[in-house]
Protein chains: 2
Amino acid sequence: MYNRIALFRTEAGLSRKDLAEAVDVNPQTIGYLERGDYKPSLELAMKIAAQFDVPIELIFSFTPFESVADALRRS
Amino acid sequence: MYNRIALFRTEAGLSRKDLAEAVDVNPQTIGYLERGDYKPSLELAMKIAAQFDVPIELIFSFTPFESVADALRRS
DNA sequence: AATTATTGTTGTGTTAACACAACAATAACG
DNA sequence: CGTTATTGTTGTGTTAACACAACAATAATT
């Protein structure tokens, strides 16, 4: 399971602690998710997606995300 | 957490056993999910959504889904 | 009516997603 | 330089999402 939590989080100017408070989990949990140490529950994934106002599929994927450079080049 | 698994499943002509095999879980697990006895992992939710080829948000929601009648009336 | 498929219920066991604490390493800032 | 914020690491404990088994109830099929 790949994710772009860190990407969205830093762009939003949030620390892990900030995001953790926003979605109501322990700050360590955000770190574990970003590193891929464990996979989120659907509930947590939905809260994170809601926080950045994007669909879940933009943040979580079974296949690797393309680089930001490539994505912007395509857009 | 509300879901429309049963709705999509029956429309697709699948039994719980069928869907369970398609997303590689125990048939009981589908029953538990449909009844709301427990919430899916993100991984399972994504597999189910992929099975019906719709975004996760069409199947799972924090708020109740409108009735099929209302949805069709609106469309 | 008999058989088979589907669904629901109960129970037990395992694993991983969490919470929480403590501390080290590094980065940012006064 | 000293302080503070941020991130990473390790460890322990709890809970819920699963697997699996057995069986009852109902629906569908022959």
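Every chain is numbered from 1, with letters handed out A, B, ... down the list of sequences. Hydrogens, waters and symmetry mates play no part in the numbers below; they use all other heavy atoms, side chains included.
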Steps toward side chain to side chain contact (heavy atoms under 4.5 Å, CB included) verdict (B:V25, B:L33): CA-CA 11 Å; B:V25 292; B:L33 290 178; over 6 Å; no

[X] [atom1] - [N] [atom2] separation (whole Å):
| X | N | atom1 | atom2 | answer |
| --- | --- | --- | --- | --- |
| B:E21 | C:dA5 | CD | P | 13 Å |
| B:L14 | C:dT6 | CG | C1' | 13 Å |
| B:Q28 | D:dA21 | CD | C1' | 9 Å |
| A:L44 | D:dA17 | CG | P | 13 Å |
| A:K17 | C:dA19 | NZ | P | 15 Å |

On a heavy-atom basis, which atom in B:I59 and which in B:A49 lie closest, and how many Å separate them? CD1-CA, 3.7 Å

Taking all atoms of both residues into account, what is the closest heavy-atom pair of A:E57 and A:F65, and its distance? O-CE2, 3.8 Å

Is B:E66 atom CD crowded by more than 12 heavy atoms from other residues, nucleotides or ligands, each under 6.0 Å away? yes

Answer with yes or no whether the hydrophobic clustering places A:L7 together with A:V54; edges join I, L, V, M, F, W, Y residues whose side-chain heavy atoms lie under 4.5 Å apart.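 The answer is no; the residues belong to distinct hydrophobic clusters.
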
Among [options], the one nearest [X] by side-chain distance:
| X | options | answer |
| --- | --- | --- |
| A:S15 | D:dT7, C:dT6, D:dA21 | D:dT7 |
| A:V25 | D:dC20, D:dA19, C:dC18 | C:dC18 |
| A:N26 | D:dC18, C:dC18, C:dA19 | C:dA19 |

Carefully, step by step, assess A:K39 and A:F60 under the rule side chain to side chain contact (heavy atoms under 4.5 Å, CB included). CA-CA 10 Å; A:K39 311 165 197 167; A:F60 301 96; over 6 Å; no

Sorted by number, the residues of residues 46-64 of chain A with heavy-atom contact under 4.0 Å to DNA chain C: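 Those residues: none at all.
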
Can you list, in residue-number order, the parts of residues 31-43 of chain A that come under 4.0 Å of DNA chain C, counting heavy atoms only? A:Y38, A:K39, A:P40, A:S41

Quick one: do B:Q51 and B:L14 satisfy side chain to side chain contact (heavy atoms under 4.5 Å, CB included)? Show the steps, please. CA-CA 11 Å; B:Q51 176 68 27; B:L14 300 177; 4.1 Å; yes

Under 4.0 Å between a side-chain N or O of B:R9 and OP1 or OP2 of C:dT6?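 B:R9 to C:dT6 OP1/OP2: no side-chain N or O under 4.0 Å.
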
If you compare every side-chain N and O of A:T29 against the phosphate oxygens of C:dA17 (OP1, OP2), does one of them come in below 4.0 Å? no

Ring pair (Phe, Tyr, Trp, His ring centres under 6.0 Å) involving A:Y38 - partner list, sequence neighbours excluded: A:Y32

Under the criterion side chain to side chain contact (heavy atoms under 4.5 Å, CB included), I'd like the reasoning laid out for A:L19 against A:I5: C-alpha separation, chi angles, the key distance, then a yes or no. CA-CA 10 Å; A:L19 178 56; A:I5 299 173; 3.8 Å; yes

Base paired to D:dA22 (Watson-Crick or G-U; both N/O distances under 3.5 angstrom):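 In the structure as shown, D:dA22 has C:dT9 as its Watson-Crick or wobble partner.
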
